[in-house]
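Just so we're on the same page: letters track the sequence lines, and every chain starts at 1.
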Number of protein chains: 2
Amino acid sequence: MSGRRRRGEELEQAILRAAAEELRESGYAGMTMDRVAARAGTNKNAIYRRWPHRAALGIAAYRHLSDAALPNPDTGSLRGDALEMLRQINATWSSPHGAVLRDLLAAAADEPELLTLMRERSGADSMDRVWLGMLERAAARGEAPAAAVHHRVATTPVMVLRAEYAVRGNPSVPDQVLVEIVDEVFLPLVRGRG
Amino acid sequence: MSGRRRRGEELEQAILRAAAEELRESGYAGMTMDRVAARAGTNKNAIYRRWPHRAALGIAAYRHLSDAALPNPDTGSLRGDALEMLRQINATWSSPHGAVLRDLLAAAADEPELLTLMRERSGADSMDRVWLGMLERAAARGEAPAAAVHHRVATTPVMVLRAEYAVRGNPSVPDQVLVEIVDEVFLPLVRGRG
DNA sequence: CGTTATAGGGTACGGCTCGTACCCTAAGGA
DNA sequence: TCCTTAGGGTACGAGCCGTACCCTATAACG
């Protein structure tokens, strides 16, 4: 029927695109190999020749649709930086991207191999570095004690936000909560390390 | 063969016990309806007459095997209380119980109905109250400012610990990390709210 | 320009699981 | 004693994963 027969890179991209769309529409549970193959206009052979598992395809599809550029706000105040950072993260996790990511993380809880793949892909390390940079700038401005430039301080806000997602089922958090995390936890913590 | 035929409560308990054992041995993914039925010495009819989904059975089985008595340490110092609390939680989550719970939580990420069931069963609220009680005692001793008796302060240590599980794949955290959470995050945070 | 190894396409299948349907029989109350 | 109820046995449809097989388009290579 179709005159052309796609090969190599072109076919691979088509499969990834199809898988990403399935992920977005139906989540990881709904991302069936047959449906991906059908949507890509190919068959499962071409998929299994490239990825060993369904899960591997899921991860590849996710990274295909998401090249999350990490935000790095510099508003001039520690409070402004932190709040902006949390707002960006909240927006990302509430987006369809975030839904796919959370779904994949949940599904990968069984398979440790995938979990590590996801983790190294999630950019947790660079996230830390951004927060540490914020703290360093604040310390240089005299806005925070030098002892506040610390790994645990840097990771706490995001961890609290993430836990907030877990407590609510809803992955989106009202802005008021973000303000609360900054004013009631992050800034007191920074002050308390004088 | 078996002369007796179990009914009602007796059969229900047998099914729950079988499901709980399957959960413990093979996780939620391995808890097959057929296997539960076989292990309980019955068939799927008896199960589906009681629980509509596999997931509902999973939750029922979990709550059947876990009636987690909430710890409530009172060591005389805020640091001691917090550390003891984190140690207890860490032990619980590292145990087979915890493995089952984490597995269920992951599996329930898709089905919001189950997620709420799990949440209301997890006792997050009473956890908060225990931490608030610790803070109140510390404030009464003059060990902490009154402003530290605050919901966000109370929930932060457990949230950080939980996030620590997510960062490592491993659900068990070395004791040193618990000490770090208390000394580098919790106590500075309490101090910072003066 | 012809030949040949490679990779896609089509299709079918085995194995597993969920959830349902039937039919028969033990249990226990009326 | 009879009769409603609930268990037991079994089979089945449907969906999915991962594999196998066979045929053909494609591209590299002589």
Side-chain angles (χ1 to χ4, degrees), chain A residues 1-19 21-23 25-62 103-104 106-111 113-114, chain B residues 1-19 21-23 25-62 103-104 106-111 113-114:
Chain A
M1 290 299 289
S2 60
R4 270 177 54 56
R5 177 183 281 191
R6 295 161 304 176
R7 292 175 83 81
E9 187 65 19
E10 183 188 1
L11 181 57
E12 185 151 335
Q13 290 301 315
I15 295 173
L16 282 176
R17 193 173 338 115
E21 286 165 8
E22 287 290 333
L23 265 187
E25 289 176 16
S26 321
Y28 179 69
M31 189 198 79
T32 292
M33 297 306 254
D34 296 86
R35 294 181 62 185
V36 171
R39 182 165 210 152
T42 180
N43 64 359
K44 289 190 290 180
N45 276 332
I47 301 180
Y48 279 104
R49 213 170 274 137
R50 290 172 169 80
W51 297 276
H53 314 294
R54 186 173 79 101
L57 175 62
I59 289 183
Y62 172 73
D103 194 16
L104 271 180
D110 265 348
E111 294 143 292
E113 166 206 350
L114 301 181
Chain B
M1 289 301 291
S2 62
R4 271 178 52 56
R5 176 183 282 191
R6 296 161 303 178
R7 294 174 82 81
E9 187 64 18
E10 183 188 2
L11 181 57
E12 184 152 337
Q13 291 300 315
I15 295 174
L16 282 176
R17 193 172 340 112
E21 285 165 9
E22 288 291 332
L23 265 188
E25 289 176 16
S26 322
Y28 179 69
M31 189 198 80
T32 294
M33 297 306 254
D34 296 86
R35 293 181 63 186
V36 170
R39 182 165 210 152
T42 180
N43 63 0
K44 290 192 289 180
N45 277 332
I47 301 180
Y48 280 104
R49 213 171 274 138
R50 290 173 170 78
W51 297 276
H53 313 294
R54 186 174 77 102
L57 174 61
I59 289 182
Y62 173 73
D103 194 17
L104 271 179
D110 265 348
E111 294 143 292
E113 166 207 349
L114 302 183

Nearest heavy-atom pair of [X] and [Y]: which atoms, and what distance?
X: A:Leu11; Y: A:Ala46; answer: CD2-CB, 3.9 Å
X: B:Ala19; Y: B:Ala61; answer: CB-CB, 3.6 Å
X: A:Val36; Y: A:Ile15; answer: CG1-O, 4.0 Å

Would you tell me if any nitrogen or oxygen in the side chain of [X] comes within less than 4.0 Å of OP1 or OP2 on [N]?
X: A:Arg49; N: C:dG8; value: yes
X: A:Arg5; N: D:dT26; value: no
X: A:Arg50; N: C:dG8; value: yes

Verdict with supporting geometry, B:Glu12 and B:Trp51, side-chain contact (heavy atoms from CB on, under 4.5 Å)
CA-CA 10 Å; B:Glu12 184 152 337; B:Trp51 297 276; 4.0 Å; yes
For a quick check of understanding: with a heavy-atom distance under 4.0 Å over all strands, which category does A:Arg7 fall into, base, sugar-phosphate or nothing?
base
Using whole Å, report how far [atom1] of [X] lies from [atom2] of [N].
X: A:Glu9; N: C:dG8; atom1: CD; atom2: P; result: 11 Å
X: B:Tyr48; N: D:dT10; atom1: OH; atom2: C1'; result: 15 Å
X: A:Ile15; N: C:dG8; atom1: CD1; atom2: C1'; result: 10 Å
X: B:Asp34; N: D:dG9; atom1: CG; atom2: C1'; result: 13 Å
X: A:Gln13; N: C:dG8; atom1: CD; atom2: P; result: 13 Å
X: A:Glu12; N: C:dT6; atom1: CD; atom2: P; result: 19 Å
X: B:Tyr28; N: C:dT17; atom1: OH; atom2: P; result: 14 Å
X: B:Glu10; N: C:dG28; atom1: CD; atom2: P; result: 9 Å

Regarding B:Arg54 and the six-membered ring of B:Tyr28, is the cationic atom NZ or CZ under 6.0 Å from the ring centre and inside 45° of its axis?
yes
Any chance you could measure A:Asn45, atom CG, to A:Arg50, atom CZ, to the nearest 0.5 Å?
10.5 Å
What residues from residues 36-45 of chain A pass a heavy-atom cutoff of under 4.0 Å to DNA chain D?
A:Lys44, A:Asn45
Taken in chain and number order and not counting sequence neighbours, the residues that satisfy salt bridge (Lys or Arg N to Asp or Glu O under 4.0 Å) with A:Arg6 are none
